[in-house]
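A short worksheet on the structure shown next.
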Amino acid sequence: MRIPAHSFLPQRIRLLAAALLCLFALTVHAAEVEPTPIQAEVTLLEDLSETQQDESLKQLVQLLHKLPADVTSDDRREVLVATIAMYINTGQQSEAAKLNLDLNKLASQNRDDRASAMALNYQASQLQNEGKLEEATKVIEQSLLIAQHVNDKKLISRINGTASTIYEGLGNFQAALQHQLVAMDTLEEGNRHAELRRVGAMNNISTIYLDLKDPKMSLDYNDKATKLAQGLDAQGMLATLAINRGVAYADQNELDMATKAYLQALSIAGKISDRRTEATALNNLSDVSLTQGHYAACVQFANQTLVLAKTQEDKALEATALANLGLCHMGLGNVAQGAAEVNRAIDFFRESKAKPSIGELLGQLSTAYENAHMYKEALKAIQEQNNITAELFRKDRDRALSEMKAKFDASQREKQIEMLEQKNQIQGVELKNKGLQRVIAILATLVAAAIALIIAALYRKVRESNRELHETNIKLEQQSTRDPLTGLLNRRAFQDMMKFRAQMADRRVSDPITPPHALVLLDIDHFKQINDTYGHATGDLVLISISKRLQQIMREKDMLMRWGGEEFLIFLNHIPVENLTPVIERVLKTVAEATHMEDGRTISVSTSIGYISLPQAGTSTVDLNWEKALHLADTALYMAKTRGRNQAIGISTIDVSQNDFAKLVQGNLEDAITQGLVQIQQIAGPAITAEEPIKTAIDTIDAIGTIGEAALG
């Protein structure tokens with residue numbers, strides 16, 4: 001059983017290196033005031049932990065003991081928070097628990113909600129390490145309530161990050177993703193620690209994709225996070241990312257690449273004395289050896305993991321190593337011993353309610369039973385695995401499995417009837433020929449062997465059907481949300497995202513200073529002439545070129561979609577109003593730079609844009625949801641076309657009644673502007689130098705009026 005690396009997740013041993021753990025010790029008002037000398041020293045020691053964990057912890061403990069009696073409660077809180085985080089990361093859970101009592105006491109004495117929230121956060125992390133996920137859920141929810149009351153972005157981001165890993169461990173992937181989105185939305189920018197938090201958040205998302213059996217998407221997020229971590233020289237984070245990269249490769253059966261990634265993580269962890277990451281890498285090397293059939297090496301790696309897991313006081317890692325050891329013993333022929341070890345590990349995860357880990361172990365156990373020709377046991381294991389999978393992903397039980405079970409039961413009943421009839425005949429008639437008795441015994445053996453072969457064949461067929469169904473579902477999901485030409489998200493993906501955000505509204509933290517969203521609708525000018533002149537193949541290449549350039553300027557949390565034909569939609573997530581104009585100017589410039597060569601000639605294009613912020617400031621009585629906002633953006637786009645193209649028109653404020661709103665979205669924007677009911681902002685695009693034949697043709701068509709202004713493409 002292989003394990004990804006994350007922050008404080010016990011049954012999957014999610015490790016973030018010291019670079020991520022130290023984020024908990026940042027001053028909560030760092031963006032507003034200068035840090036005190038003690039807080040500045042804490043930050044330096046956190047940076048030291050990325051390469052020298054033991055030395056960093058030693059100096060933090062010394063700093064804690066040397067604090068003067070009159071030190072401020074804020075300074076004492078930050079030193080305690082940083083030291084507790086370092087104890088947890090180095091596997092000293094008992095010491096972390098002791099200091100957490102001091103942090104809780106400090107919170108009570110000073111009525112410090114930030115200290116109280118962080119104390120509960122660490123308590124939830126320790127419950128995770130003990131495999132008590134349901135208790136950890138209750139504690140982290142209390143911490144979330146306090147963080148929401150404090151309404152501090154950094155605190156909210158940290159607590160939601162921990163909550164995400166807890167729910168992920170329980171198999172509640174929807175809640176895990178919701179908390180991770182909140183953690184991402186509340187991230188700040190502008191300093192090294194904020195960038196480290198961003199690396200950690202991207203790593204967390206990659207591990208969620210691992211749980212959802214999408215290793216390709218996981219590798220995509222891992223690659224982005226790795227590049228950012230390399231720029232920050234975050235050694236501990238690079239080790240964590242290497243482990244997750246190895247897990248993704250292993251999920252795709254690229255075992256050589258997985259081994260290389262695990263060895264890289266092991267090397268980095270050894271240099272910075274990160275024992276937990278070493279243990280995780282050794283465990284995953286054990287899993288690779290098991291898959292390759294190198295059982296002796298598997299046993300060696302598993303035993304090394306067990307030793308380190310005990311020193312780290314990490315019961316989940318210990319159970320995982322025990323499971324790998326048992327599977328290796330089964331591979332070596334010690335089936336009874338190995339099965340007992342694996343079942344001990346499964347019992348631990350059952351008590352922890354860690355359903356993803358239970359399902360993965362049951363799948364590996366069923367394969368080991370199958371290799372040992374113990375088909376009844378293999379069938380039982382895969383039945384339980386399918387039950388857990390159906391519960392996790394809300395699918396109906398596979399019909400093929402039910403049919404196989406029914407056939408197995410029927411064959412067993414037939415065998416019992418035959419055996420009973422033979423026994424009655426033997427009791428009624430004394431067989432005189434011993435040779436006849438041998439023939440009957442041989443026939444009975446052949447019947448049993450035939451039944452076993454039927455069961456084995458049905459079992460393999462069910463596994464193959466499950467695999468094909470899983471691959472088909474992945475392909476269908478990809479096709480339903482992606483545009484086949486550009487690879488961008490499509491209209492359905494955006495609609496699904498907006499529905500999901502509406503469902504999350506009651507869970508998201510209310511923050512009056514959170515910037516609004518923005519919808520940006522753009523249409524390529526004179527695109528029909530490109531298709532008519534050069535052909536649709538060239539037009540497609542122009543669209544692909546534009547989509548690639550737009551992707552390069554988008555932020556990680558924004559969405560770029562092909563809305564239809566030559567139209568694109570951009571959803572700017574939480575963008576300050578003052579930053580919207582520079583973004584629109586950059587989009588106009590980016591499209592204008594997306595040129596394409598055709599027969600030695602350069603095809604240059606421009607775009608017309610309509611945009612609007614959501615929610616809208618002003619006194620309008622209209623409830624402006626995203627559908628209405630999109631209609632207004634489309635109306636603004638039409639105005640940009642009629643006013644000469646190559647420009648953007650944005651709706652700044654709206655002050656209309658509910659009755660007049662319908663007229664506004666039907667195209668009466670000019671009248672509303674004249675009456676002062678709507679205010680707009682007009683942004684000119686860059687000068688475009690088009691190829692002479694195309695430009696002349698377009699000017700001629702416009703001049704003779706063969707194309708009206710209503711034809712917008």
Side-chain angles (χ1 to χ4, degrees), residues 1-6 8-15 91 93 126-133 169 171 243 246-247 250 262 265-266 269 275-372 374 377-378 380-381 384-385 388:
M1 177 181 176
R2 49 185 170 269
I3 45 179
H6 205 305
F8 304 124
L9 183 59
Q11 72 278 11
R12 293 254 173 153
I13 317 305
R14 315 287 192 178
L15 307 171
Q93 306 299 333
Q126 289 169 330
L127 288 170
Q128 283 182 277
N129 283 333
E130 296 171 6
K132 300 176 181 178
L133 292 182
I243 286 176
V247 174
Y262 295 149
L266 189 63
R275 299 292 177 258
R276 179 176 287 188
T277 303
E278 281 189 79
T280 306
L282 287 168
N283 178 83
N284 291 4
L285 286 169
S286 173
D287 177 80
V288 169
S289 300
L290 172 65
T291 306
Q292 293 173 327
H294 302 157
Y295 301 120
C298 173
V299 169
Q300 181 181 357
F301 286 128
N303 280 324
Q304 291 176 344
T305 306
L306 276 172
V307 173
L308 283 176
K310 290 176 181 178
T311 63
Q312 293 291 304
E313 303 178 39
D314 197 323
K315 296 180 180 179
L317 178 55
E318 187 177 344
T320 303
L322 180 63
N324 282 344
L325 184 63
L327 291 169
C328 298
H329 282 152
M330 293 181 74
L332 289 170
N334 301 326
V335 178
Q337 176 189 350
E341 291 168 336
V342 175
N343 280 305
R344 280 167 52 197
I346 292 176
D347 288 342
F348 171 84
F349 291 121
R350 282 198 180 100
E351 292 178 3
S352 301
K353 303 296 190 298
K355 294 176 183 177
S357 296
I358 298 171
E360 183 177 352
L361 271 181
L362 285 170
Q364 291 181 297
L365 181 60
S366 68
T367 301
Y369 276 135
E370 180 184 2
N371 293 336
M374 299 173 67
E377 290 79 1
K380 181 179 179 181
E384 186 177 356
Q385 182 196 30
I388 292 175

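- The shortest non-hydrogen separation linking Leu317 to Ala309 is CG-CB, 3.8 Å.
- The heavy-atom pair separating Tyr262 from Val288 by the smallest distance is CE1-CG2, 3.5 Å.
- For Arg350, the salt bridge (Lys or Arg N to Asp or Glu O under 4.0 Å) partners two or more places apart in sequence, or in a different chain, are Asp347, Glu384.
- The distance from atom CG of Leu361 to atom OG1 of Thr320, rounded to the nearest 0.5 Å, is 7.0 Å.
- If you take CG on Leu282 and CG on Asp287, they are separated by 13.0 Å, rounding to the nearest 0.5 Å.
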Result block: side-chain N/O donor-acceptor pairs under 3.5 angstrom for residues 299-307, not counting sequence neighbours:
unit_1 : atom_1 : unit_2 : atom_2 : d
Asn303 : ND2    : Val299 : O      : 3.3
Thr305 : OG1    : Asn283 : N      : 3.2
Thr305 : OG1    : Phe301 : O      : 2.8

### Task
For side-chain contact (heavy atoms from CB on, under 4.5 Å), just list the numbers for Thr311 and Arg275, CA-CA rounded to whole Å, side-chain angles, deciding distance to a tenth of an Å, and then say yes or no.
CA-CA 9 Å; Thr311 63; Arg275 299 292 177 258; 5.6 Å; no
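- Residues that satisfy the side chain to side chain donor-acceptor pair (under 3.5 Å) test with Gln126, not counting sequence neighbours, are absent from this structure.
- Expressed to the nearest 0.5 Å, how far CG of Leu290 lies from CG of Asn324 amounts to 6.5 Å.
- Remark: Glu341 does not engage Arg344 in a salt bridge, criterion side-chain N to carboxylate O under 4.0 Å.
- Using a 4.5 Å heavy-atom cutoff, the side chains of His329 and Leu325 are in contact.
- Sequence neighbours left out, not one pair with a member in residues 336-366 passes disulfide bond (SG atoms under 2.5 Å apart).
- Within the 4.5 Å cutoff, the side chain of Val342 has no heavy atoms near those of the Gln364 side chain.
- In this structure Tyr369 satisfies the side-chain contact (heavy atoms from CB on, under 4.5 Å) test together with Met330, Ala339, Asn343, Leu365, Met374, Glu377, Ala378, sequence neighbours excluded.
- Residue Leu362 holds its CG atom at 10.5 Å from NZ of Lys380, rounded to the nearest 0.5 Å.
- Counting only residues at least two apart or in different chains, disulfide bond (SG atoms under 2.5 Å apart) contacts with residues 309-351 comprise Cys298-Cys328.
- Side chain of Thr280 to main chain of Arg276: a donor-acceptor pair is present (N/O by atom type, distance under 3.5 Å, no hydrogens or angles).
- Closest of all the heavy-atom pairs between Ala281 and Ile243 is N-CD1, 4.1 Å.
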